[in-house]
Asker: 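The following block contains the structure, expressed as structure tokens.
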Amino acid sequence: LTGSLFPDDDRWLPLNLSVPQTFDLSPENRMKTVSLWVQDAAGNISSNPALAQIELKTRLAEPAGFELFDTLSRSTTFTNQRRVSVRVLGVTEQPSGWLLAEDQETSPALDDPRFSATQPTAFDLSDSDESKTVYLWVKDRANNFNTRILTATLTLDRRPPVNPTLSIVD
């Protein structure tokens with residue numbers, strides 16, 4: 001509630017303090033201040049409201065993307081090591097949870113134990129030599145997830161080239 005309140009103001013709500021109350025907040029994502037005045041049966045209004053603040057967040061500031069790369073060669077196309085480096089791009093707001101996985105094409109559960117509070121800098125690819133697609137999911141303290149599916153692809157190839165043959169023609 002905002003502004004001055006009078007006993008006949010239509011913003012007064014019946015209040016039962018023994019049950020949780022629900023209030024509708026304006027839809028903008030920002031810090032909100034909720035003010036609560038009380039009025040007794042005789043129409044007396046408290047002179048100072050009780051104040052509480054809450055940050056309304058319905059959207060997560062998503063990273064622009066991420067890339068996987070070979071730690072030694074810096075290649076973003078091929079690697080011969082299962083452990084690769086990760087670079088997250090365009091982070092404007094630090095998420096509270098990060099999850100990298102090859103098997104998570106859809107939003108993970110909020111309590112997925114693979115979430116980490118730390119921004120990833122490395123990832124272990126699965127063992128098979130082939131093209132890998134890795135998914136990045138982030139969440140914030142309000143449990144908003146990224147809405148775009150963030151992926152990076154890298155090929156793991158640990159097979160040495162076939163031994164060449166050389167023939168010299170005179």
Side-chain angles (χ1 to χ4, degrees), residues 2 19-36 50-170:
T2 59
V19 296
Q21 300 296 306
T22 301
F23 300 97
D24 291 327
L25 301 175
S26 59
E28 315 82 51
N29 282 313
R30 62 180 171 84
M31 186 63 74
K32 310 283 183 170
T33 300
V34 178
S35 305
L36 175 69
L51 302 174
Q53 288 194 317
I54 185 169
E55 183 178 2
L56 179 62
K57 267 191 89 145
T58 59
R59 289 182 310 278
L60 169 70
E62 300 180 7
F66 75 106
E67 55 188 13
L68 303 172
F69 58 96
D70 183 275
T71 304
L72 297 175
S73 72
R74 313 302 274 179
S75 171
T76 59
T77 309
F78 290 96
T79 184
N80 61 2
Q81 302 293 318
R82 284 188 58 214
R83 177 160 282 246
V84 294
S85 295
V86 177
R87 181 176 22 252
V88 182
L89 309 168
V91 177
T92 59
E93 180 181 307
Q94 194 63 27
S96 64
W98 302 83
L99 188 152
L100 278 175
E102 289 183 56
D103 61 352
Q104 194 64 54
E105 295 180 35
T106 59
S107 295
L110 287 173
D111 60 350
D112 190 310
R114 297 176 295 174
F115 270 110
S116 169
T118 307
Q119 182 172 326
T121 57
F123 181 73
D124 291 327
L125 299 169
S126 59
D127 197 34
S128 59
D129 283 10
E130 61 189 357
S131 178
K132 309 289 185 177
T133 299
V134 177
Y135 301 88
L136 172 64
W137 294 97
V138 294
K139 67 177 180 174
D140 62 16
R141 291 177 302 136
N143 290 326
N144 297 305
F145 284 104
N146 46 301
T147 56
R148 292 180 305 117
I149 298 175
L150 302 173
T151 63
T153 304
L154 188 68
T155 299
L156 175 61
D157 182 0
R158 297 169 293 181
R159 295 176 301 243
V162 175
N163 293 333
T165 59
L166 175 67
S167 52
I168 300 176
V169 178
D170 186 15

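Keep in mind that what you see is a predicted model, and the values were worked out from it rather than measured. Below, all heavy atoms of this structure are taken into account, side chains as well, without hydrogens, waters or symmetry copies.
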Asker: Taking side chain as C-beta onward, heavy atoms only, is L150 less than 4.5 Å from P63?
Answerer: yes

Asker: Does anything in residues 155-170 form a salt bridge (charged side-chain N to carboxylate O under 4.0 Å, His left out)? List the pairs, not counting sequence neighbours.
Answerer: D127-R158, D129-R158, D157-R159

Asker: Which residues satisfy the side-chain contact (heavy atoms from CB on, under 4.5 Å) test with T151, sequence neighbours excluded?
Answerer: T133, Y135, I149

Asker: To the nearest 0.5 Å, tell me how far T76 OG1 sits from L68 CG.
Answerer: 9.0 Å

Asker: Test side chain to side chain contact (heavy atoms under 4.5 Å, CB included) on S75 and F69 and set out the steps.
Answerer: CA-CA 5 Å; S75 171; F69 58 96; over 6 Å; no

Asker: Would you please name every residue forming a side-chain contact (heavy atoms from CB on, under 4.5 Å) with A52, sequence neighbours left out?
Answerer: none

Asker: Just jot down the side-chain contact (heavy atoms from CB on, under 4.5 Å) partners of E102, sequence neighbours excluded, or say none.
Answerer: F123, L125, S126, K132, V134

Asker: Could you grab the distance from atom CG of L156 to atom CZ of F78, nearest 0.5 Å is fine?
Answerer: 11.0 Å

Asker: Got a donor-acceptor contact below 3.5 angstrom from the N146 side chain to the L136 backbone?
Answerer: yes

Asker: Are the side chains of Q119 and V91 in contact, using a 4.5 Å heavy-atom criterion?
Answerer: yes

Asker: Using the test side chain to side chain donor-acceptor pair (under 3.5 Å), find all partners of R114 that sit at least two apart in sequence or belong to another chain.
Answerer: D103, Q104, D112

Asker: Name all residues meeting the side chain to side chain donor-acceptor pair (under 3.5 Å) criterion together with Q81; count only those two or more places apart in sequence or in a different chain, and write none if there are none.
Answerer: none

Asker: Could you pull out all residues at least two apart from D124 that satisfy side chain to side chain donor-acceptor pair (under 3.5 Å)?
Answerer: R83

Asker: Starting at CZ of F66, measure out to CG of L89 and round the result to the nearest 0.5 Å.
Answerer: 9.5 Å

Asker: Quickly, which of P120, S116, P108 forms a side-chain contact (heavy atoms from CB on, under 4.5 Å) with L99? Name it, please.
Answerer: P108

Asker: So do the side chains of V84 and L154 get within less than 4.5 Å of each other, counting heavy atoms only?
Answerer: yes

Asker: Give the minimum heavy-atom separation between V86 and A122, together with the two atoms involved.
Answerer: CG2-C, 3.7 Å

Asker: Could you give all pairs that pass the side chain to side chain donor-acceptor pair (under 3.5 Å) test and reach residues 61-72, with sequence neighbours left out?
Answerer: E62-T147, E62-R148, E67-R87, D70-S73, D70-T79, T71-S85

Asker: Determine whether a donor-acceptor pair (N or O, by modelled atom type, separation under 3.5 Å) exists between the side chain of K139 and the backbone of L110.
Answerer: yes

Asker: To the nearest 0.5 Å, how far apart are OG1 in T118 and CZ in F115?
Answerer: 13.5 Å

Asker: Name all residues meeting the side chain to side chain donor-acceptor pair (under 3.5 Å) criterion together with E105; count only those two or more places apart in sequence or in a different chain, and write none if there are none.
Answerer: none

Asker: For the atom pair OG (S96) and CG (D140), what is the distance rounded to the nearest 0.5 Å?
Answerer: 6.0 Å

